[in-house]
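Before we start, here is the structure in question, set down as structure tokens.
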Amino acid sequence: MRDSSSPLAGLRRRIARIAAAGEPPGDGAWLASGHAGFDAALGGGLAMGRVHEIFAADALDAASAAAFAALLALRGPGEAPVLWLRTADGARRQGHLYAPGLAELGGDPNRLLLVEARDATALLAAANDAVRCPGSAAVVVESRGALAALDLTAGRRLALGARDAGTVLLLLRFAAEPVPSIAETRWRLAAAPSRELEAQAPGAPAFDLELLRWRAGPAGARWRLEWNRDERAFGDAALSGALLPLSSRRASVAHRAAAA
């Protein structure tokens with residue numbers, strides 16, 4: 001559902017119900033991808049209680065980044081919700097999350113709580129409420145272009161909220177340039193070729209990730225991850241077999257990413 005007219009009031013009511021439902025999901029340490037090498041390199045996955053930035057350059061990569069964030073966040077056990085925040089303008093530009101497509105990839109769309117804020121200021125205000133919810137699997141904040149309101153002071157406020165609640169906060173930055181921030185990790189994500197299946201069916205979604213910054217260790221590592229819907233986990237991309245040509249690949253990946 002969307003709370004566009006009064007996002008804060010609706011979000012606060014839902015957060016109160018979520019927080020009363022129980023403890024945070026998982027072990028509270030990492031949001032793991034399921035890829036052994038990727039998770040081990042980061043000490044277990046993306047650290048819970050921290051902020052992580054994911055940058056995507058163009059429309060296709062933005063759609064893939066949204067798909068990656070949704071699939072990763074929904075790997076958390078149980079029925080804990082994922083709070084997804086964006087502006088109404090962002091929804092018009094990027095398109096809406098597609099529940100049947102997400103279900104086809106093995107995710108549970110019923111766990112997504114969507115909030116559309118009127119502008120960037122309302123978006124960050126809603127994010128501050130959302131990130132303090134201890135009962136969520138993750139909080140995803142999607143934005144496009146420069147987000148001037150997200151200065152270091154606003155970033156520290158978000159980081160403190162995530163730390164206190166033990167919540168992982170994923171900042172999806174589309175068509176934006178990295179600036180100094182409080183993020184624990186910073187990533188550049190791009191759509192990767194998928195392996196063609198029988199009858200020229202598109203293969204599993206694949207993603208190229210580059211670690212641009214990591215407060216706890218060296219940056220510069222790169223991975224190509226492929227989503228396995230049966231295992232609900234990321235794994236090594238299957239590079240054997242034919243790859244989809246670029247035009248077909250972009251269309252199929254965009255469709256799959258929008259489906260998330």
Side-chain angles (χ1 to χ4, degrees), residues 1 11 14-15 18-19 21-35 38-39 42 44-56 62-86 90 94 96-99 101-116 123 126-127 129-143 158 161-162 165-174 183-187 189 205 207 209 223 225-229 231-235 256-260:
M1 73 177 288
L11 182 61
R14 286 160 179 79
I15 285 177
I18 293 168
E23 295 297 320
D27 59 12
W30 297 283
L31 180 59
S33 71
H35 184 283
F38 179 88
D39 294 336
L42 297 172
L46 297 188
M48 300 291 289
R50 297 292 187 271
V51 179
H52 305 274
E53 292 179 315
I54 301 175
F55 283 80
S64 283
F68 177 83
L71 294 169
L72 179 64
L74 289 171
R75 289 199 73 246
E79 299 180 356
V82 172
L83 308 181
W84 194 292
L85 289 70
R86 66 201 313 203
Q94 189 62 29
H96 295 290
L97 299 171
Y98 186 55
L102 182 59
E104 178 65 22
L105 291 175
D108 181 2
N110 292 321
R111 293 175 59 191
L112 281 175
L113 174 60
L114 308 179
V115 176
E116 287 184 9
L123 177 69
D129 279 343
V131 80
R132 286 169 169 77
C133 173
S136 63
V139 176
V140 181
V141 178
E142 174 191 326
S143 65
L158 289 172
T167 302
V168 64
L169 172 59
L170 304 177
L171 297 179
L172 297 184
R173 305 296 311 278
F174 301 153
E184 177 75 8
T185 63
R186 174 182 294 158
W187 302 86
L189 185 146
F207 311 88
L209 290 108
W223 290 270
L225 304 183
E226 183 178 274
W227 176 252
N228 186 317
R229 59 155 292 170
E231 296 181 5
R232 294 186 63 252
F234 294 92
R256 290 196 305 269

**OP:** Could you tell me whether the side chain of Arg232 and the main chain of Gly106 form a donor-acceptor pair under 3.5 Å?
**Re:** yes

**OP:** Using side chain to side chain donor-acceptor pair (under 3.5 Å) as the criterion, list what pairs up with Thr167, not counting sequence neighbours.
**Re:** none

Original post:
Any idea how Phe234 and Phe68 line up, ring-wise: parallel (<30°), tilted (30 to 60°), or perpendicular (>60°)?
Top reply: tilted

Original post:
His52 pairs by side chain to side chain contact (heavy atoms under 4.5 Å, CB included) with which of Leu172, Leu31, Leu170?
Top reply: Leu170

Subject >> For the student: nearest non-hydrogen atoms of Ala80 and Ser136, plus distance >> reply: CB-C, 4.3 Å

Original post:
Quick one: does Leu42's side chain get under 4.5 Å of Trp30's, heavy atoms only?
Top reply: no

Original post:
Side chains of Trp187 and Leu46: does their closest heavy-atom pair fall under 4.5 Å?
Top reply: yes

Original post:
Of all heavy-atom pairs between Ala47 and Val168, which one has the smallest distance, and what is that distance?
Top reply: O-CG2, 3.9 Å

Subject >> Spacing of Ile54 atom CD1 and Leu72 atom CG [to the nearest 0.5 Å] >> reply: 7.0 Å

**OP:** Hey, could you give me the CD/CD distance between Glu116 and Glu142, rounded to the nearest 0.5 Å?
**Re:** 9.5 Å

**OP:** Report yes if the side chains of Leu189 and Ser64 come closer than 4.5 Å at any heavy-atom pair, otherwise no.
**Re:** yes

Original post:
Closest heavy-atom contact between Gly44 and Ala32?
Top reply: O-CB, 3.6 Å

**OP:** Over all heavy atoms of both residues, which pair between Ala69 and Trp84 is shortest? Give the atoms and the distance, please.
**Re:** CB-CH2, 4.2 Å

Subject >> Residue pair Pro109 / Leu102: nearest heavy atoms and the distance that separates them >> reply: CA-CD2, 3.8 Å

Subject >> Side-chain donor or acceptor of Trp227 paired with backbone N/O of Leu105 under 3.5 Å >> reply: yes

Original post:
Any idea which heavy atoms bring Ala73 and Val82 closest together, and the distance?
Top reply: CB-CG2, 3.8 Å

Subject >> Glu226 side chain reached by His35 side chain, heavy atoms, under 4.5 Å >> reply: no

Subject >> Test item: Arg173 side-chain N/O and Glu53 main-chain N/O as donor-acceptor pair under 3.5 Å >> reply: no

Original post:
Sub-3.5 Å donor-acceptor pair from the side chain of Asp39 to the main-chain atoms of Ser33, do we have one?
Top reply: yes

**OP:** State, with a plain yes or no, whether a side-chain heavy atom of Val141 is found less than 4.5 Å away from one of Leu158.
**Re:** no

Original post:
Distance from Leu171 atom CG to Arg186 atom CZ, nearest 0.5 Å?
Top reply: 10.5 Å

**OP:** First locate atom CG of Asp108, then atom CD of Glu79, and finally report the distance between them rounded to the nearest 0.5 Å.
**Re:** 7.5 Å

